[in-house]
Amino acid sequence: MKRALRLGITGKIASGKTLLSQWLRENGITVLDADSIAKEVMEKNAEVRSELITMFSEAVYTNGKLDTKFLAAELFNNNEKRIAVEELVHPLVLEAFDLAFEQAPAGSIIGVESALMFQTGFDDDFDIVILVISSDQQIIERNTLTKRFSETDLRARLAIQGFSKEMEDWADFVIENNSTPEEFIARASTIIEIVRIIALGELPEEPMRVFEEESDPQ
């Protein structure tokens, strides 16, 4: 059938997935950001707001806006609360993605950037998943330049994200980002050309990653 191709983009924090997403947007491909949509859900959905206030108090919002630093601190070392928030927010985020997929023109590509695609099983919603990999040392060096997090905080976030070597086998394409941005984008551009060709063909009704699993005789 003719429909839009669903492209997942994942990788560790500061691995380069956002750089890839921005390059895709500059080249005419829509890429949605899971974190941004989750934040929008938490700010605009009245039921979600009420649940979050019950969980964390009024301090979770400042002047009507989600206090992301407060929420991150609350969730950082509390798996029980983190899972509760994910169960509250993720279904609504998936609804937003499904709507975008349905409304996209046939033959186009709709990308979604999400750091926890494999960890949450979210990858089954996609036809193709690209994993951006970068060594922890490279990630730490980039963070030293941006000063977004302290090194201790960054290492803790890397640990919480729970990436493993086997995830490289779960991805359809793996792009290494351990050199210059130009070299990274050059590698990515070759893969995206393949994705563009696939998007123009006939796709199964279900996402390709689910279709292939169902078709596997094993």
Side-chain angles (χ1 to χ4, degrees), residues 1-13 15-41 45 83 85-133 161-177 187-218:
M1 65 178 293
K2 286 290 186 180
R3 61 169 175 81
L5 183 141
R6 304 177 174 195
L7 175 65
I9 301 164
T10 192
K12 295 178 182 178
I13 185 172
S15 61
K17 61 185 181 298
T18 300
L19 173 61
L20 174 59
S21 297
Q22 184 56 41
W23 178 80
L24 290 173
R25 293 184 187 105
E26 291 169 357
N27 285 272
I29 294 176
T30 297
V31 181
L32 309 175
D33 178 59
D35 288 344
S36 297
I37 292 178
K39 181 180 178 182
E40 183 176 356
V41 166
N45 185 289
I83 291 170
V85 171
E86 289 174 355
E87 289 177 346
L88 176 66
V89 175
H90 280 187
L92 297 174
V93 173
L94 292 178
E95 284 182 15
F97 292 153
D98 285 341
L99 181 61
F101 294 147
E102 291 170 7
Q103 293 179 342
S108 66
I109 299 169
I110 297 291
V112 172
E113 178 188 337
S114 172
L116 302 178
M117 195 164 286
F118 291 132
Q119 297 87 327
T120 59
F122 184 27
D123 59 298
D124 284 345
D125 273 18
F126 294 89
D127 298 301
I128 294 172
V129 172
I130 293 175
L131 171 64
V132 179
I133 61 171
Q161 286 185 343
F163 276 88
S164 63
K165 185 70 175 176
E166 68 179 338
M167 290 179 183
E168 294 182 28
D169 295 327
W170 300 349
D172 299 290
F173 295 99
V174 178
I175 309 176
E176 183 181 281
N177 182 27
R187 284 191 286 271
S189 63
T190 300
I191 290 171
I192 296 304
E193 285 308 308
I194 296 171
V195 174
R196 287 185 188 275
I197 292 169
I198 296 172
L200 294 174
E202 294 286 335
L203 298 174
E205 184 175 350
E206 292 292 318
M208 283 170 57
R209 288 174 65 84
V210 171
F211 180 80
E212 288 166 1
E213 287 177 6
E214 291 175 346
S215 302
D216 189 341
Q218 295 181 347

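Numbers for residues simply follow the sequence, beginning at 1. Since the model is a prediction, treat every value here as computed from it, not as a measurement.
Remark: Lys2 engages no residue in a salt bridge (Lys or Arg N to Asp or Glu O under 4.0 Å) (not counting sequence neighbours). Taking the salt bridge (Lys or Arg N to Asp or Glu O under 4.0 Å) definition, one finds that Lys12 meets it with Asp136, sequence neighbours left out.
For Met208 against Arg3, the heavy-atom pair with the smallest separation is N-NH2, 4.1 Å. Closest approach of Ala38 and Val93 over heavy atoms only: CA-CG2, 3.7 Å. Residues Ile192 and Ile29 come closest through the heavy atom pair CG2-CD1, 4.0 Å. Counting all heavy atoms, side chain and backbone alike, Leu20 lies closest to Val132 at CD2-CG2, 4.0 Å. For Glu202 against Met1, the heavy-atom pair with the smallest separation is OE1-N, 2.7 Å. Here the closest non-hydrogen pair linking Asp127 and Ala4 is OD2-O, 4.1 Å.
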Test side-chain contact (heavy atoms from CB on, under 4.5 Å) applied to Ile110 and Phe97, step by step: CA-CA 9 Å; Ile110 297 291; Phe97 292 153; over 6 Å; no
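Between Arg209 and Asp123, at least one side-chain nitrogen of the basic residue sits less than 4.0 Å from a carboxylate oxygen of the acidic one, meeting the salt-bridge criterion. Taking 4.0 Å as the cut-off between side-chain N and carboxylate O, Asp124 and Arg6 do not count as a salt-bridged pair.
For the atom pair CG (Asp35) and CG (Leu32), the distance works out to 12.5 Å, reported to the nearest 0.5 Å. The distance from the CD1 atom of Ile9 to the CE atom of Met117 is 7.5 Å, given to the nearest 0.5 Å. Between the CG atom of Leu19 and the NZ atom of Lys17 there is a distance of 11.5 Å, given to the nearest 0.5 Å. With rounding to the nearest 0.5 angstrom, the OG atom of Ser108 is 11.5 Å from the CG atom of Leu7. Of the inter-residue distances, the one linking Ile133 atom CD1 with Ile175 atom CD1 reads 9.5 Å to the nearest 0.5 angstrom. Considering CG of Asp33 and NZ of Lys39, their distance stands at 11.0 Å, rounded to 0.5 Å.
Judged by distance alone, the side chain of Gln161 and the main-chain N or O of Leu116 form no donor-acceptor pair under 3.5 Å. Proximity of a side-chain donor or acceptor of Asn45 to a complementary backbone N or O of Val41 within less than 3.5 Å is not detected.
Just one residue in the list Leu200, Val31, Leu5, Ile198 forms a side chain to side chain contact (heavy atoms under 4.5 Å, CB included) with Ile109, and that residue is Leu5. None of Ile130, Leu131, Thr190, Val129 except one satisfies the side chain to side chain contact (heavy atoms under 4.5 Å, CB included) rule with Phe173; the exception is Ile130.
Under the 30°/60° scheme for interplanar angles, the aromatic rings of Trp170 and Phe118 are found to stand perpendicular. Using cut-offs of 30° and 60° for the angle between ring planes, the Phe126 and Phe122 rings count as perpendicular.
Looking at heavy atoms from C-beta onward, Leu94 lies in side-chain contact with Asp125 at the 4.5 angstrom threshold.
Judged purely by distance below 3.5 Å, without hydrogens or angles, the side chains of Glu113 and Thr18 pair a donor atom with an acceptor atom.
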